[in-house]
Amino acid sequence: MSWDPVYKVVKQIPRGRVTTYGALAKALRLRGGARTAGRAMAATPSGKGIPWHRVVGDGGRLLIPEPYGSLQRKMLQSEGVELVEFRVDLKCYLWSPVGSKKKGAKAKQKARRPRNTSKRG
DNA sequence: CATCTGACGACCG
DNA sequence: GCGGTCGCCAGAT
């Protein structure tokens, strides 16, 4: 799987801003959801100038493990992003993917499968 | 091919 | 607000 489209969006993240895995997954229509978005980041190639440190989890939580996690904090702080313990103030720094990455910007609505609620209920 | 794993998110209690 | 669990799917063994 080529995460090029994912890296494209990540590179679109302006300085001093952050985004979430879910946002990428939604913007790129990733099937696996945030999980797939995370997979892409885990495979983030170095040397491409990809600001992976601007990608955080839900609520701005920093999920990236060490030593990258520590690095991420440093990077964000260096960009002016205020960090609270292991979180980022999304209401101030959250950046959303514009949506101009895939060629088919039509965003076709696929058939939604009903969630099986009888499981963990 | 089968099995385990993982930079996540949503839901229930 | 927190913990346990499922769902998703690609990569590695």
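Naming convention: chains lettered A, B, ... in sequence-line order (proteins, then strands); numbering from 1 in each chain.
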> Which pairs count as side chain to side chain donor-acceptor pair (under 3.5 Å) when at least one residue sits in residues 80-95 of chain A, sequence neighbours excluded?
Replying inline: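 Sorted result for residues 80-95 of chain A: empty, none.
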
What residue pairs, at least two apart or across chains, pass salt bridge (charged side-chain N to carboxylate O under 4.0 Å, His left out) with a residue in [range]?
range                     : result
residues 14-25 of chain A : none
residues 18-27 of chain A : none
residues 36-65 of chain A : A:Arg54-A:Glu79

Residue [X], side-chain atoms from C-beta onward, closest of [options]:
X       : options              : answer
A:Thr36 : B:dG9, B:dA7, C:dC9  : C:dC9
A:Arg31 : B:dA7, B:dC8, C:dC8  : C:dC8
A:Ile64 : C:dC9, B:dA10, B:dA7 : B:dA7
A:Trp3  : B:dG9, C:dA10, B:dA7 : C:dA10

> Do any side-chain nitrogens or oxygens of A:Arg61 fall under 4.0 Å of OP1 or OP2 in B:dC8?
Replying inline: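 No, no such contact exists.
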
Nearest whole Å is fine: how far is [N] [atom2] from [X] [atom1]?
X       : N      : atom1 : atom2 : answer
A:Asp58 : B:dC11 : CG    : P     : 11 Å
A:Leu30 : B:dG9  : CG    : P     : 12 Å
A:Met41 : B:dA7  : CE    : P     : 13 Å

>> If the condition is side chain to side chain contact (heavy atoms under 4.5 Å, CB included), which residues does A:Ala43 pass it with, not counting sequence neighbours?
In response: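 Here the qualifying residues are A:Trp3, A:Tyr7.
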
Are there any protein N/O atoms within less than 3.5 Å of an N/O atom in nucleotides 4-6 of chain B, and if so, which ones and at what distance?
residue, atom, partner, partner atom, Å
B:dG6, N9, A:Arg35, NH2, 2.6
B:dG6, N7, A:Arg35, NH2, 2.6
B:dG6, N1, A:Arg35, NH2, 3.3
B:dG6, N2, A:Arg39, NH1, 2.6
B:dG6, N3, A:Arg35, NH2, 2.9
B:dG6, N3, A:Arg39, NH1, 3.1

> What does A:Gly22 touch in the nucleic acid at a heavy-atom separation under 4.0 angstrom: a base, only the sugar-phosphate, or nothing?
Replying inline: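 Sugar-phosphate only.
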
